[in-house]
S.K.: 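Next up is a structure, given as structure tokens.
Values reported hereafter were calculated over all heavy atoms of this structure, with side chains retained and with hydrogens, waters and symmetry mates removed. Since the structure is predicted, the reported quantities are computational estimates derived from the model, not experimental observations.
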Amino acid sequence: MSSDVAVDVSALAINVTVPEALRWTDTRRGQEFLLTTLNVRLLPDGHLAAKAYGRPTAGGRGAYVSFPVPEREELVALVSQAAGRAGELWAAHRGPR
């Protein structure tokens, strides 16, 4: 690829495991979920957006639905730290295998 071709990156997203001590529950359609994973996206303006995913507390697969991430200080810090770590990993990439 020549250097005069603009590369259009349409999305930057990472998945982050929520440490056990920070996990929480939320309810959707009468079913309680334990939220264990965050999907963090880098928005075009440089800000971060996050959604939470998890499994029903009663067991089973459940539906793949997203939940808002509460504005708790420790979760905001987790999102920020995860984005910073992802940036370090991307910057240190060694090219395609």
Side-chain angles (χ1 to χ4, degrees):
M1 183 169 181
S2 68
S3 61
D4 60 334
V5 175
V7 176
D8 180 24
V9 176
S10 61
L12 288 172
I14 57 172
N15 292 322
V16 180
T17 300
V18 178
E20 283 193 43
L22 300 182
R23 294 176 182 178
W24 72 100
T25 59
D26 204 339
T27 304
R28 179 73 48 89
R29 296 183 208 113
Q31 190 172 31
E32 184 182 64
F33 286 76
L34 175 63
L35 290 307
T36 60
T37 305
L38 302 178
N39 178 267
V40 181
R41 294 175 293 117
L42 180 62
L43 301 174
D45 68 1
H47 287 93
L48 300 172
K51 292 186 179 195
Y53 295 87
R55 298 236 180 255
T57 57
R61 285 187 46 160
Y64 187 74
V65 293
S66 65
F67 291 84
V69 178
E71 292 285 329
R72 293 182 3 215
E73 183 178 329
E74 61 273 20
L75 292 173
V76 172
L78 176 64
V79 168
S80 182
Q81 289 170 5
R85 179 66 180 133
E88 291 170 358
L89 292 170
W90 275 107
H93 80 83
R94 297 183 295 177
R97 188 170 272 228

S.K.: Enter the distance from T36:OG1 to L22:CG here, rounded to the nearest 0.5 Å.
M.R.: 12.5 Å
S.K.: Nearest 0.5 Å, please: how far is CG in L34 from CD in E32?
M.R.: 8.0 Å
S.K.: Would you say L78 and P19 make side-chain contact, with heavy atoms under 4.5 Å?
M.R.: yes
S.K.: Please report the interatomic distance CG(L38) to CG(L75), rounded to the nearest 0.5 Å.
M.R.: 7.0 Å
S.K.: Between R41 (side chain only) and A11 (backbone N and O only), is there a donor and an acceptor less than 3.5 Å apart?
M.R.: no
S.K.: Nearest 0.5 Å, please: how far is CD in Q31 from OG1 in T57?
M.R.: 7.5 Å
S.K.: Indicate, with yes or no, if W90 and V7 share a hydrophobic cluster defined by side-chain heavy-atom contacts under 4.5 Å among Ile, Leu, Val, Met, Phe, Trp and Tyr.
M.R.: no
S.K.: Kindly confirm or rule out a cation-pi arrangement of R28 over F33, judged by NZ or CZ under 6.0 Å from the six-membered ring centre and within 45° of its axis?
M.R.: no
S.K.: Please tell me if the side chains of V76 and E71 come closer than 4.5 Å, counting only heavy atoms from C-beta onward.
M.R.: yes
S.K.: Quick check for you: to the nearest 0.5 Å, what is the distance between K51 atom NZ and L35 atom CG?
M.R.: 13.0 Å
S.K.: Counting only heavy atoms not in E74, do more than 12 fall under 6.0 Å of its CD?
M.R.: yes
S.K.: Where do A50 and V40 come nearest, in terms of heavy atoms and distance?
M.R.: CB-CG2, 4.2 Å
S.K.: Heavy-atom distance under 4.5 Å between the side chains of R85 and I14, does that happen here?
M.R.: no
S.K.: Considering all heavy atoms of both residues, which atom of V16 and which atom of A82 are nearest to each other, and what is their separation?
M.R.: CG2-CB, 3.5 Å
S.K.: For the residue pair L42 and L48, establish whether any side-chain heavy-atom pair is separated by less than 4.5 Å.
M.R.: yes
S.K.: Work out which heavy atom in P68 is nearest to a heavy atom in W24; give both atom names and the distance.
M.R.: O-CZ2, 3.9 Å
